[in-house]
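Below is one structure; the comments refer to it alone.
The figures here come from the full heavy-atom set of this structure, side chains too, leaving out hydrogens, waters and symmetry mates. In what follows, chains carry the letters A, B, and so on, assigned in the order in which the sequence lines appear, proteins first and then strands, with residues in each chain numbered from 1.
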Amino acid sequence: MKVYLKCNVEKICRIILKEQLDRLGLKHKVISSGCVEFEEVVPLNTYEELYDCLAKYNITVIDNNKALLVQKIKNIIADILQQNKLPLIKMSSYLEQELNMNYRAIAKTFVEMCHIPIEEFIILSKIEKAKSLLINEMLSLTEVAHRLHYSSVAHLSNQFKRNTGFCPKDFQNVIQHKRRSITT
Amino acid sequence: MKTAIEPDKMSIVLAGQQTSIQSAFKNALARLKLPYSLAVLSEGKQLLEYLDSEACPPHLIFLDAGISEPDVLGCLRQISKDTRLNDTSIALYSDSQDDDTLTQYYLAGANICIRTPENLQDLEKIATQVVHMNWQYLTNGLDREKFILKY
């Protein structure tokens with residue numbers, strides 16, 4: 001018998017992180033999604049042990065400046081989608097404000113590291129969120145368009161099709177067909 | 001922290017017999033900025049033996065829907081039985097496919113179905129998009145159950 005689950009990955013990561021940091025006796029504070037502040041300097045051997053422990057859960061400690069910037073950008077985008085709150089200003093200005101950096105530098109680093117422009121990454125992230133809302137939460141297209149701040153259902157539908165090649169309804173049908181074929 | 005281990009390069013397999021199509025894929029890959037490795041195979045049996053022998057499963061397979069011995073559905077079913085290949089994406093390409101056939105491919109484990117365009121430069125563009133999209137799935141921990149594309 002198969003049961004489908006919905007996971008809050010963000011919460012799971014925080015729980016795992018807290019468990020591992022507590023186990024290593026590291027006094028810490030979680031600043032935001034993807035950022036931990038330690039009250040004291042972490043000895044190298046403990047840092048390496050932490051690195052290895054987290055790697056077992058597919059969690060990577062980022063120690064490269066460009067990779068760090070990219071992860072901050074991705075975290076900002078993920079937070080916006082998670083909280084369903086679009087910033088009131090343009091995304092480029094919002095990122096400049098949050099990261100205290102010129103957008104041109106932000107965009108250049110992102111495309112160099114991720115092989116995709118930030119704008120396309122944002123669309124990809126929104127479409128992934130749309131897929132989750134359609135399939136896991138069984139929301140209607142109208143509800144998904146509203147939740148993700150699309151100007152209309154048609155706008156969402158067109159962007160979905162451009163990104164996946166499927167209209168949302170056909171996509172739902174294929175995924176649901178796949179799920180049924182696994183359970184039979 | 002981030003929740004996906006980033007590979008050093010994308011390992012790609014190209015399996016099929018049409019040399020012009022294979023050249024188009026190779027041209028597209030040669031222009032990539034992200035690092036990759038490529039294995040080229042011609043028959044289904046070769047592909048399955050290769051997958052069985054590799055210590056590290058490939059990240060992406062471009063598979064000709066007209067492949068033989070075994071045929072494409074045979075290959076897909078064998079691949080889907082091997083849990084080591086759960087994170088390997090499969091992109092099928094074919095000259096013509098009706099919607100029912102495409103659905104069969106997705107149900108058998110294909111992630112991407114490509115209707116091979118007449119213009120091979122368009123195929124090169126599609127191949128580049130597929131590789132970049134697959135890279136996003138590899139590096140961002142996206143939900144693979146919902147990773148299906150159509151070109």
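- A salt bridge links B/Glu145 and A/Arg179; the closest N-O separation between the charged side-chain nitrogens and carboxylate oxygens is under 4.0 Å.
- The hydrophobic clustering, which links ILVMFWY residues whose side-chain heavy atoms are closer than 4.5 Å, places B/Tyr50 and B/Ile90 together.
- The aromatic rings of B/Trp135 and A/His115 sit perpendicular, their planes meeting at an angle over 60°, well past the 30° parallel limit.
- Ranking B/Asp99, B/Leu107, B/Leu102 against chain A, the residue ahead of the rest is B/Leu107, based on heavy-atom pairs under 4.5 Å.
- Around CD of B/Gln121, the count of heavy atoms belonging to other residues, nucleotides or ligands within 6.0 Å does not exceed 12.
- Note on B/Leu38 and B/Ile114: same hydrophobic cluster, where clusters join Ile, Leu, Val, Met, Phe, Trp and Tyr whose side-chain heavy atoms are under 4.5 Å apart, directly or indirectly.
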Please tabulate, for side-chain N and O atoms in residues 117-128 of chain A, each donor-acceptor pair with protein atoms closer than 3.5 Å (sequence neighbours left out).
| unit_1 | atom_1 | unit_2 | atom_2 | d |
| --- | --- | --- | --- | --- |
| A/Glu119 | OE2 | A/Tyr103 | OH | 2.7 |
| A/Ser125 | OG | A/Phe121 | O | 2.8 |
| A/Lys126 | NZ | A/Leu148 | O | 3.4 |
| A/Glu128 | OE1 | B/Tyr137 | OH | 3.2 |
| A/Glu128 | OE2 | A/Lys131 | NZ | 3.0 |
| A/Glu128 | OE2 | B/Tyr137 | OH | 2.5 |

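- Closest approach of A/Ile175 and B/Lys146 over heavy atoms only: CD1-CA, 4.0 Å.
- Under the 6.0 Å cut-off for aromatic ring centres, B/Tyr106 and A/Phe171 do not qualify, their centroids lying 6.0 Å or more apart.
- Put simply, A/Ile15 and A/Leu21 are part of two different groups of oily side chains (I, L, V, M, F, W, Y) that touch within less than 4.5 Å, one to the next.
- Using a 4.5 Å heavy-atom threshold, the side chains of A/Val174 and B/Ile148 count as touching.
- Here the CD1-CG distance, from A/Ile135 to B/Asp143, works out to 9.5 Å after rounding to the nearest 0.5 Å.
- Both the backbone and the side chain of A/Asn163 come within contact range of chain B, each with at least one heavy atom under 4.5 Å from a heavy atom of that chain.
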task = Show your working on side chain to side chain contact (heavy atoms under 4.5 Å, CB included) between A/Ile116 and B/Gln136 and close with a plain yes or no.
result = CA-CA 8 Å; A/Ile116 182 175; B/Gln136 303 312 316; 3.3 Å; yes
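- Atom CD in A/Glu112 sits 12.5 Å away from atom CG in B/Leu34 (nearest 0.5 Å).
- The choice from B/Leu142, B/Leu32, B/Thr103 that makes the most heavy-atom pairs within less than 4.5 Å of chain A is B/Leu142.
- Under the salt bridge (charged side-chain N to carboxylate O under 4.0 Å, His left out) criterion, A/Lys18 pairs with A/Asp22, not counting sequence neighbours.
- Under a hydrophobic-cluster definition in which Ile, Leu, Val, Met, Phe, Trp and Tyr are linked whenever side-chain heavy atoms come within less than 4.5 Å, directly or via other members, B/Val130 and B/Val40 are assigned to the same cluster.
- For A/His28, the NE2 atom is densely surrounded, since the number of other residues' heavy atoms within 6.0 Å is greater than 12.
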